[in-house]
2 protein chains.
Amino acid sequence: MKTKESDYHHGDLRGALLNAAREALEQNGASAVSLRELARRVGVSHAAPYRHFDNRETLLMALAADGFNELARRLRAEEGKDGTLMEMGQAYISFAIGNPSLYKLMFSPELDRKKPGLLADAAGAAFGLLRSQTATTDQEQSGTLAAWALVHGLSQLLIDRLLPEELMKPDQLGALVESVLGHLHMVSD
Amino acid sequence: MKTKESDYHHGDLRGALLNAAREALEQNGASAVSLRELARRVGVSHAAPYRHFDNRETLLMALAADGFNELARRLRAEEGKDGTLMEMGQAYISFAIGNPSLYKLMFSPELDRKKPGLLADAAGAAFGLLRSQTATTDQEQSGTLAAWALVHGLSQLLIDRLLPEELMKPDQLGALVESVLGHLHMVSD
DNA sequence: TTTCAATGTTGACGGTGCCTACTTTGAGGT
DNA sequence: ACCTCAAAGTAGGCACCGTCAACATTGAAA
């Protein structure tokens, strides 16, 4: 209980802002994440966020980095159990449709993924997991890429609800993923 | 030559705005497309665009619809020649990396693809081409979906420059696409 | 106890989307 | 040839945003 009398200092403003941001993100999309609104929601002045984030993009990058870390954690968990590529694909897509706006944000072109930082590291780590799953054969490298592209693309199509409605009923979703992933050579091998 | 003395009426403000928007889009991304800036660039007052577009989103949707139409045109052209799925995939990806910001916009969650209009129609038409390419077998429907997801996902990864640099050298790009698409059962059949 | 760096506040600036009220214009009907 | 009137453009204002600079408060270290 840090509820001191004077709450001039928040205690964990950075974390509070990130929490509020994640809520706002999934509720109304990334464009609805405004520093002023977050400050308001957390009960702090409109310029306070700038003590913890250089600018809006920095905050969004932190959010995206969290996303990559959580995705990596889920993939690692699946890897620990059986580790078939099929199951990792399921976990990947499950994460994507469970956090659609966050997933979109993680691949948003607004975020500069080039000059490194937390985002670049987290993304690299997550994708490293996919790569390690397959052999290092030059031939199979394109197989990894194909699996990644397929899973990523299917996630996007699902998130954007671009598929026929009957295919997207939640109970049939696992089967859908399975049948689609089944069209990769490497999975059946 | 419509250069009359009084240019109070622009003549084709709507088209001029769309052109300017497309330029700004590819130069600085969708977030940099501002109605006021477009008006400025075209030489018109800041409220003039509202005579042609209900709001900013409407303009972006028109832009995205154009994108779908152009994509459909290119796919249809490929269909006319040989029509192998491999070549349609190449055409698809070529369009995506040739117009990265536009392609991103076409799948942006900001745009409400639900309540129909030009966007929904154009998107449906473009995707119909992919579907017709494969048979109607229920089994093969998931094949179409796999091909679509694969091509879409690979486009995103390329646009976001998320692949190792050596894979993205423009001259090797065709081979990359070919080898990745080759991992689909249906292509080799 | 004093100090001082970290954290939070206030106020301002320019930019944006969008609204309302006003003005200009050109095309069609008489 | 004139009138009319709706379409198209303008001017100004509102609320919001991101960001900055100057100031205030605080807790912890010296």
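Within every chain, numbering begins at 1; the chains are lettered A, B, ... in the order of the sequence lines, protein sequences first and strands thereafter.
Judged as a side-chain contact (heavy atoms from CB on, under 4.5 Å), and not counting sequence neighbours, the contacts of R56(A) are V33(A), L35(A), L60(A). In this view, S31(A) and E110(B) satisfy the side chain to side chain donor-acceptor pair (under 3.5 Å) rule, not counting sequence neighbours. Applying the ring pair (Phe, Tyr, Trp, His ring centres under 6.0 Å) rule to F68(A) yields the partners F107(A), F127(A); only residues at least two apart in sequence or on another chain are considered. Qualifying side chain to side chain donor-acceptor pair (under 3.5 Å) partners for E37(A), counting only residues two or more places apart in sequence or in other chains: R40(A).
Atom CG of L17(B) and atom C1' of dA8(D) are 12 Å apart (whole Å). The distance between atom CZ of R14(B) and atom P of dG9(D), rounded to the nearest whole Å, is 13 Å. Here dA6(C) presents its C1' atom at 14 Å from CG of D12(A), a figure rounded to the nearest Å. What separates CZ of R40(B) from P of dG14(C) is a distance of 13 Å, to the nearest Å.
The side chain to side chain donor-acceptor pair (under 3.5 Å) pairs that include a residue from residues 11-24 of chain A are R22(A)-E70(A), where partners are two or more places apart or lie in different chains.
The base of dT19(D) is paired with the side chain of R36(A) by a donor and an acceptor separated by under 3.5 Å.
For S34(A) and dC17(D), the shortest distance from a side-chain N or O to OP1 or OP2 is below 4.0 Å.
In this structure, the nucleotide among dG17(C), dC18(C), dC17(D) sitting nearest to the side chain of H46(B) is dC18(C). Of the candidates dG9(D), dT16(C), dG18(D), dG18(D) carries the atom nearest the L35(A) side chain, counting heavy atoms from C-beta on.
Residues from residues 47-59 of chain A with heavy atoms under 4.0 angstrom of DNA chain D, sorted by number: A47(A), Y50(A), R51(A), N55(A), R56(A).
Across every non-hydrogen atom of I93(A) and S155(A), the tightest pair is CG1-OG, 3.5 Å.
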